[in-house]
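One structure is given below, encoded as structure tokens.
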Amino acid sequence: MALEDAKTQVDQAFMREDPRGLSFENAFGGATSFLRRRYSKDLRGVDLAVTGIPFDQAVTHRPGTRFGPRAIREASSLQPFDAPYGWGYDPLGLLHVVDYGDMAFDYANTSEVPGRIEAHIGAIMDGGAAPITLGGDHFITLPILRAVAARRGPVALIQFDAHSDTWVDDDPKRIDHGTFLYKAIKEGVVDPAASVSIGIRTDNPDTLGVTILDAPGVHRDGIDATLERVRAVIGDRPVYITFDIDALDPAFAPGTGTPVWGGLASWQAAALLRGLAGVDLIGGDVVEVSPPYDTTGATAIAGAHVAMELIALFGWTRR
């Protein structure tokens, strides 16, 4: 395929015949799926299933992350013409990736959402695929981790975030974007000794044993030293990566519900993700993209690139 195929390619979300490879559909047209992958609920032979969970129940300041999956998919239409720069291989040519669509739920029955998320991700994994999830507020990572841990054991976690999300919350009925990691550790689905949070820049009295690599430390020590510490913590464990877009400084991602200055620049996030090449990635998510607060689309573009990097990381060890 080449650029001239844009004259005939359209609606690859439904029409593409080869599940692997690049796409040259006009970025501004056609049915929108993530990276122009085919929409499918058939997971036979699928390596990665990208799915959206358009759920936000409450955030600290600005709601709207329910629109994140749609915005990230649209932003990703800029990416499938070429392999991601600098990786040296084409993950879309190597991997069978589908857009699994969004999770269905009753917006007026919030209490049933956690179970639905866990079942939704569990179905993807039971179908033989790894999940890459587009959120949604950061609560969604808790039931995702429950599903992953039920099949793979306690999770080694790499969290990119401005907040540690380990504030005390012992009420099992609460659905809170800011306490997902507290509950995940207390439930035993995350192993804190093998977990690290990167980009933190808010105080929390107890991070429950998770290694904190705060944003000032990343700025001061640099990419290589940060990666060395990450690898020392996670070892050779299979790992799950959750990326809250507010890990980035608001200058790079203003469209989030909880912006905090002093964060990672987009180039730092890109370098850190790229530097994790070789980890055994078992799944990942990018959450808290809130497009109503970013008319430029920069936040959704960042989210789309994070998801692409997760795909590239997954494929790196499977080349």
Side-chain angles (χ1 to χ4, degrees), residues 27 34 56 58-79 84-87 134-138 140-141 158-165 177-178 180-181 196-204 212-227 229-230 241-276 284-310 312-313:
F34 187 72
D56 61 30
V59 293
T60 306
H61 181 41
R62 304 185 301 190
T65 59
R66 66 186 62 186
F67 299 108
R70 181 178 294 177
I72 292 171
R73 285 188 174 99
E74 181 178 356
S76 78
S77 65
L78 293 166
Q79 296 173 257
Y85 182 78
W87 275 98
L134 314 177
D137 73 40
H138 216 159
I140 72 168
T141 304
I158 298 175
Q159 173 193 8
F160 289 84
D161 209 326
H163 315 88
S164 67
D165 290 345
H177 76 290
F180 89 91
L181 189 51
V196 58
S197 296
I198 305 171
I200 304 302
R201 51 196 189 277
T202 51
D203 287 329
N204 193 326
I212 303 298
L213 303 179
D214 64 16
V218 175
H219 301 326
R220 178 187 65 246
D221 300 334
I223 300 300
D224 291 343
T226 302
L227 289 168
R229 292 193 64 190
V230 172
I241 296 177
T242 180
F243 197 110
D244 187 328
I245 207 67
D246 71 24
L248 300 180
D249 189 87
F252 300 91
T256 183
T258 49
V260 184
W261 79 335
L264 303 179
S266 58
W267 72 264
Q268 290 173 309
L272 290 167
L273 287 167
R274 188 69 49 90
L276 292 171
D285 62 57
V286 53
V287 297
E288 305 223 352
V289 171
S290 191
Y293 302 97
D294 179 9
T295 57
T296 72
T299 310
I301 290 169
H305 278 278
V306 169
M308 180 71 255
E309 294 296 290
L310 295 177
L313 278 171

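Note: Ile72 CD1 to Ile301 CD1 = 11.5 Å, rounded to the nearest 0.5 Å. Rounded to the nearest 0.5 angstrom, Leu227 CG and Leu213 CG are separated by 9.5 Å. For the atom pair CG (Asp244) and CZ (Phe160), the distance works out to 12.0 Å, reported to the nearest 0.5 Å. Separating the OG1 atom in Thr141 from the CD1 atom in Ile241 is a distance of 12.5 Å, to the nearest 0.5 Å. With rounding to the nearest 0.5 Å, the separation of CG in Leu276 from CD1 in Ile158 is 4.5 Å.
Minimum interatomic distance between Ala27 and Ser77 (heavy atoms only, all atoms of both residues): O-OG, 3.2 Å. For Gly64 against Pro292, the heavy-atom pair with the smallest separation is O-CD, 4.0 Å. The heavy-atom pair separating Ala298 from Asp294 by the smallest distance is N-OD2, 3.0 Å. Taking all atoms of both residues into account, the shortest heavy-atom contact from Val218 to Leu264 is CG1-CD2, 3.9 Å. Residues Ile200 and Thr202 share a closest heavy-atom pair of CG2-O, 3.7 Å. Nearest heavy atoms, Pro291 versus Ala71: CG-CB, 3.7 Å.
Remark: side-chain polar atoms of Arg62 are not paired, donor with acceptor, to backbone N or O of Tyr293 under 3.5 angstrom. No donor-acceptor pair closer than 3.5 Å links the side chain of Asp56 to the backbone N or O of Pro63. Listed for the Arg201 side chain is a donor-acceptor partner under 3.5 Å among the backbone atoms of Trp261.
Atom CD of Gln79 sits in a crowded spot, with more than 12 heavy atoms from other residues, nucleotides or ligands closer than 6.0 Å. Open room surrounds CZ on Arg229; 12 or fewer heavy atoms of other groups in view lie less than 6.0 Å from it. The number of heavy atoms from other shown groups lying within 6.0 Å of CZ (Arg274) is above 12.
Asp137 is not listed as a side-chain neighbour of Phe180, based on a closest heavy-atom distance of 4.5 Å or more. Side-chain atoms of Phe243 and Leu310, non-hydrogen and from C-beta on, never get closer than 4.5 Å to each other. Between Asp165 and Gln159, some side-chain heavy-atom pair lies under the 4.5 Å cut-off. Side-chain atoms of Ser76 and Met308, non-hydrogen and from C-beta on, never get closer than 4.5 Å to each other.
Side chain to side chain, Ser197 and Asp161 fail the donor-acceptor criterion of an N or O pair below 3.5 Å. With no hydrogens or angles considered, a side-chain donor-acceptor pair links His138 and Thr242 at under 3.5 Å.
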Side chains of residues 245-258: which donor-acceptor pairs under 3.5 Å do they make with residues two or more places apart or in other chains?
from	atom 1	to	atom 2	distance (Å)
Asp246	OD1	Ala162	N	3.0
Asp246	OD2	His163	ND1	3.4
Asp246	OD2	Thr258	OG1	2.5
Asp249	OD1	Gly262	N	2.7
Asp249	OD1	Gly263	N	3.0
Asp249	OD2	Ala251	N	2.9
Thr256	OG1	Glu288	O	3.0

